[in-house]
There are 2 protein chains.
Amino acid sequence: MSAVNKTKERILDVSAELFRQQGLAGTGVKQILNRANAPFGSLYHHFPGGKDELAAETIRRAGAQYAELVAGKLLAGPDLVANVRAAFRSAGQTLVDTDYADACPIETVALEVANTNEPLRLATAEVFESWLSGLTALLVANDVAKKKARPLAHVILSALEGAFVFARASRSTEALDACGAAMATLVAAAKS
Amino acid sequence: MSAVNKTKERILDVSAELFRQQGLAGTGVKQILNRANAPFGSLYHHFPGGKDELAAETIRRAGAQYAELVAGKLLAGPDLVANVRAAFRSAGQTLVDTDYADACPIETVALEVANTNEPLRLATAEVFESWLSGLTALLVANDVAKKKARPLAHVILSALEGAFVFARASRSTEALDACGAAMATLVAAAKS
DNA sequence: CCTGGCCTAGATAGATCAATCTAGAGAGAA
DNA sequence: TTCTCTCTAGATTGATCTATCTAGGCCAGG
């Protein structure tokens, strides 16, 4: 049983890594299995639905993990405004450290499937919605008016996702730096 | 000659449409040629480098076209702040009208190729840089301090790209609406 | 000991992919 | 007309993709 779950988890981990870097269509099942040291049989045993089922589970799993990671940054210190700025800076540092590979784990896939694979599109929508409601609650807990909180959460997460696009394409953290500063300003203004 | 250029342009137009909706890896050459009513021979006559050369030219072409489209919105009226808000609203309307298919023409491809295809990554980086410098100049021309202009341009474009991700995944213009309002506020504040 | 369920293992099939190749249509110049 | 160049046309090739299939290893319960 332990060996079983280890194989399944290894497959999921490798999938998340490759989907993040190359997207869904650009990643072959063979490539995933090779890197995970797993045979074909294991994949179709653990994921009878094939690549799509693997992708759906990877999206939800990686989405939850990333939510935890970001939440950790946003709760790191007592000052939310400083935490927001630090979160953007940390995301930029991760990009530099990973040769601009490790940005948002589901962004590329979300764009790929938005008009081509409805079940997977729903999986990405669920993940995004969970991020939004989490950040909205955090803003409300930090004296942002309820009416303003959700739009502000939308703006912060949009800026982060958009900055990832510019950062990876340009191999620069300029967009992340600019967005971090601007989002900190917006949060500070909304806390009044 | 006229028929020639028509075939080439038809291939480029269809490529832009499909890359935007399905990404690069998710779009087959065959699918492009079928929809463009063109045979294999024509593709490899006009683009000897194959799919990669077609993609590079599509990225630059679609990027330039989209820059013109957005610039048109940002110059539509006398008030830049109002124009920014209107540009986000217009982008949302386009998404609704096209069943959330027509967002940024190169965003999906940019994420796909960022760590997998260096020539294409450079093409996307060039397009983004041209958008940035164009918007920066527009901000400067509207009384935004030179030091603030480029970061602000980064924030605005990042918010737009990020909002596209949320909009397409969630089939909602909520993110675009929130970002439009926030970006208008930021521009107004920077103009002082 | 041995038997049944869970998981690993990889060969194989069948579809689809990008790319090449040969052939011919069409227009303009001599 | 006849030659030539440009572009169209699609069959074909070889690689690669996802998925299935059969077989065997491993471990727990009887």
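Order of the sequence lines sets the chain letters (A, B, ...), proteins ahead of strands, with each chain counted from 1.
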Do Leu186(A) and Leu186(B) come close enough that some side-chain heavy atom pair is under 4.5 Å? yes
How long is the line joining CG of Asn34(A) and C1' of dT16(D), in whole Å? 13 Å
For DNA chain C, which residues in residues 15-26 of chain B have a heavy atom at a distance below 4.0 Å? none
Residues two or more places apart in sequence or in another chain: which of them pass ring pair (Phe, Tyr, Trp, His ring centres under 6.0 Å) with Tyr66(A)? Trp131(A)
With sequence neighbours left out, what residues match Tyr100(A) under ring pair (Phe, Tyr, Trp, His ring centres under 6.0 Å)? none
Taking only side-chain N and O atoms of Lys30(A), does any of them lie within less than 4.0 angstrom of OP1 or OP2 on dC17(D)? no
Starting from C1' on dA19(D), measure out to CG on Leu33(A) and report it in whole angstrom. 12 Å
Interatomic distance, His45(A) NE2 vs dC26(D) P [rounded to whole Å]: 16 Å
Expressed in angstrom and rounded to an integer, what is the separation of Asn117(B) atom CG from dA18(C) atom P? 14 Å
Set of salt bridge (Lys or Arg N to Asp or Glu O under 4.0 Å) partners for Asp13(A), sequence neighbours left out: Arg61(A)
Rounding to 10 degrees, work out the angle separating the end axes of the helix from dC1(C)-dG30(D) to dA30(C)-dT1(D) (five pairs an end). 10°
Integer-rounded Å distance: dA9(D) C1' and Ile11(B) CD1: 12 Å
In residues 35-44 of chain A, which ones come under 4.0 Å of DNA chain D, going by heavy atoms? Phe40(A), Tyr44(A)
Does a side-chain N or O of His46(A) approach OP1 or OP2 of dC6(C) to a distance below 4.0 Å, or not? no
Interatomic distance, Lys8(B) NZ vs dT8(D) C1' [rounded to whole Å]: 15 Å
side-chain hydrogen bond (donor to acceptor under 3.5 Å, both in side chains) partners of residues 74-91 of chain A, not counting sequence neighbours, each pair once: Lys73(A)-Ser90(A)
Considering residues at least two apart in sequence or located in another chain, which fulfil the salt bridge (Lys or Arg N to Asp or Glu O under 4.0 Å) criterion with Asp177(A)? none
Glu68(A): what forms a salt bridge (Lys or Arg N to Asp or Glu O under 4.0 Å) with it, not counting sequence neighbours? none
Let me know the distance between CG of Leu54(B) and C1' of dA18(C), rounded to the nearest Å. 12 Å
Would you say the side-chain atoms of Arg168(A) pair up with the backbone N or O of Asp102(A), donor to acceptor, closer than 3.5 Å? no
Report the distance from atom NZ of Lys6(B) to atom P of dT8(D), rounded to the nearest whole Å. 12 Å
Could you tell me which residues satisfy ring pair (Phe, Tyr, Trp, His ring centres under 6.0 Å) with Phe166(A), sequence neighbours excluded, listed by chain and number? Phe128(B), His154(B)
Tell me every residue that passes side-chain contact (heavy atoms from CB on, under 4.5 Å) with Asp52(B), counting only those two or more places apart in sequence or in another chain. Asn117(B), Leu120(B)
Show every side-chain hydrogen bond (donor to acceptor under 3.5 Å, both in side chains) that has at least one partner inside residues 132-145 of chain B, sequence neighbours left out. none
